[in-house]
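Below: the structure, in structure tokens.
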Amino acid sequence: MLKLKNSYTKKLETFEPCDAASKTVTLYSCGPTVYSFAHIGNMKSFLVADILRRTLEKLGYRVRQVMNITDVGHMTEDHLADATGEDKLAKAARELGTDPYKVAAYFEEAFVRDATALRLSIYKGSEAIEKTLHPRATAHVPEMLVMIDRLITRGYAYPDSQGQVYFDVSKFPAYGHLSGKVLDDLEAGARIAVREEKRDPRDFALWKVDDKHLMKWDPHGPEGWPSGDYERFKALLPNGVDARIKAGFPGWHIECSAMSRAHLGPVIDLHTGGEDNIFPHHECEIAQSFGAAEEANAPVSFAKYWVHGRHLLVDGKKMSKRDGTFFTARELFDPRACDRDELAQRLAATGFEDGKVPPTVLRYALIANQHVQPMNFTFDVLVQAKSNVERIQTRYAHLLEVAGEGEASKEVVAMLNACEAEFDAGLCDNLNMPVALAAVFKLVADLNLRTLSPGDASAAIATIDRIDSVLDVLDRRIRSGIVAQERLNKNEDDKNLDDLAELRASTSPDAARVESLILHRHASKKRKDFATADAIRKELDAQGVSLEDLPAGVRWRLK
RNA sequence: GGCGCGGUAGCCAAGUGGUUAGGCAACGGUUUGCAAAACCGUCAAACGUCGGUUCGAAUCCGAUCCGCGCCUCCA
């Protein structure tokens, strides 16, 4: 039974889909704005959604998750501008000297690469290519205009003399419920641009008009529409939109309302986002979606559960480029490729090979905490994540070496089940990952104390695979093996061994060669020729194969 | 100013009234020709401070100090 902190009700609630009988649930996650590379804070937020989704899947639900791509962009930091400010995407476009659609496509592609490296479920397998699961805002302007038109018709919105459209907050009494903001508290009159014609300062823009804006759609003609969209728009609204709306672009909030409705339906089970989205973004989404609902008895909030992740801080504070505490995901994956040699050096100094952070390590670092708690990202945290992942990975690799046919012992099965139950219980307690991970380490420690039969190992692998269906930090490939003691002893007197000089001259990563070298090394050790033995190990190490002497034989491992 | 969150051992981090959280690091030991992995032990009679309630408080109440976030750019 999954319990979630619902930020709409502010309570810890037992999750139950809108349609209690359904085993399929709908999840909308506010996605990236593609005007720059995603930073680790963005990624942490998407990973909260990913863990939620995978937890639901582990509990037996099918999850239909939609995560949008905001390619219209938002305002700059020009606080006084509101609907007249320059779009961030346009700003990036100006800097890159190309058109905004191309800039968005460029950063979207970069995002998909980073998200794939971080193993976001929604970018895996067939989901990666299913367009409706990651809809672009620019491809849903028809749906947005339909909603805007409907809001005007129903009296929830009004156009001004410029051709812009505002949502009339006074028409939606529940406005402020999610964020806990009392309307009177909202500073009236502040931050309102001169040209604005809002009836109330708290009203927010659904449609904006700005001649300087690069992306523009004409609601009364084909100008500005990407191919096919205008026709689709006309089919959706044969009589056209309110004549007072002029060529412009959609406000930010209407995007998510329209795309959620288009791809998941009028009412959804879960909606996720970062804590900063609570106000105004999600507050506005709720208001719009309710105002535009076509169904009778529409719920006040179109999403049953709202899950918000607290922000990621770096060194205890909000990330800041100025303080050097701003990191994109790709910078950590490969600092040198991002012109950050100093970062590579710093990472190399703390034990990261080639000064690169493996994506699974970053993933672990970003998920190994409670989403209802702010996370403080530091280099120490990264180093700790690396050790933790390696501990689980090492145990997993050793299991792969001995896994095979056969029944698992009762004690092992009981232990595995107990640990998995604890893992699940942790996740079910509002996605309490620290508790879930404690169960994983208990499992690893217990396995380390046992001598496992092939059947035991296979059972353990099956359990860890299920656990890792949520964590997804393991490398499942077989990357190590053991040359058994009997095999080593067969060649005691150096007979039947391939020519050592020839083997050492070759650098082919061939398994037979590696085994031959292991046999040679063993023979050298028998003769107490440790110099040759160490030289062979050193050579293999340089070629990416490390050797470990065990009671049962010699383990080789690919790095 | 308004709203909200947090301060738990060197570090990260569970824990909402009584019972071992867990991990990382460091150090000592076991094992090893060396190493790796692993295990055992130490750091750990930890809960910002002061006071109160209680048989009993990290946990409840009050005060106080410090840090952080949001308040229409933001995951």
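All chains are named by letter (A, B, ...) in the order of the sequence lines, taking the proteins before the strands, and each is independently numbered beginning at 1.
The residue A/Asn432 sits close only to the backbone: its heavy atoms come under 4.0 Å of sugar-phosphate atoms, none of a base. As judged by a 4.0 angstrom heavy-atom cut-off over every strand, A/Phe441 is placed among residues touching the sugar-phosphate backbone only. Residue contacts for A/Gln370: at a heavy-atom cut-off of 4.0 Å it reaches the sugar-phosphate backbone alone, with no base atom in range. Using a 4.0 Å heavy-atom criterion, one finds that A/Lys386 contacts no nucleic acid atom at all. Counting any heavy atom pair closer than 4.0 Å across all strands shown, A/Gly316 reaches sugar-phosphate atoms only and no base atom. Note on A/Leu547: a base of the nucleic acid sits closer than 4.0 angstrom, heavy atoms only. Within the nucleic acid shown, A/His308 has no heavy atom closer than 4.0 Å to any nucleic acid atom. Using a 4.0 Å heavy-atom cutoff across all strands shown, A/Ile278 reaches no nucleic acid atom at all.
Remark: the A/His308 side chain and the A/Asn277 side chain contain no N/O donor-acceptor pair separated by less than 3.5 Å.
In the interface, the side chain of A/Arg557 is not paired with the base of B/A36 through any donor and acceptor atom under 3.5 Å apart. Below the 3.5 angstrom threshold, one finds a donor paired with an acceptor across the side chain of A/Asp549 and the base of B/C34. A donor and an acceptor atom sit less than 3.5 Å apart, one in the side chain of A/Asp534 and one in the base of B/G33. With hydrogens and angles left out, the side chain of A/Gln384 and the base of B/C11 share a donor-acceptor pair within 3.5 Å. For B/C24, the base has no donor-acceptor partner in the side chain of A/Arg391 [N/O atoms by modelled type, under 3.5 angstrom]. In the interface, the side chain of A/Lys318 is paired with the base of B/C74 through a donor and an acceptor atom under 3.5 Å apart.
The distance between atom CZ of A/Phe326 and atom C1' of B/C74, rounded to the nearest whole Å, is 10 Å.
Among B/A75, B/G15, B/G69, the nucleotide with an atom closest to any side-chain atom of A/Met319 is B/A75. Between B/C12, B/G33, B/A14, one nucleotide has an atom nearer to the side chain of A/Pro434 than all others, and that is B/A14.
Salt-bridge annotation for A/Glu548 and A/Arg557: present, with a side-chain N of the basic residue lying under 4.0 Å from a carboxylate O of the acidic one.
With C1' as the reference atom, B/U8 and B/U49 are 15 Å apart, rounded to whole Å. Separating the P atom of B/U19 from that of B/A58 is a span of 9 Å, rounded to the nearest Å.
Taking only side-chain nitrogens and oxygens, A/Asn448 comes nearer than 4.0 Å to OP1 or OP2 of B/C39. For A/Gln373 and B/C68, the shortest distance from a side-chain N or O to OP1 or OP2 is not below 4.0 Å. The phosphate of B/A25 has OP1 or OP2 within less than 4.0 Å of a side-chain N or O from A/Ser387.
Applying side chain to side chain contact (heavy atoms under 4.5 Å, CB included) to A/Thr70 and the options A/Thr33, A/Val34, A/Thr138 leaves one that passes, A/Thr33. Across A/Arg54, A/Arg476, A/Arg395, a single residue satisfies salt bridge (charged side-chain N to carboxylate O under 4.0 Å, His left out) together with A/Asp468, and that is A/Arg476.
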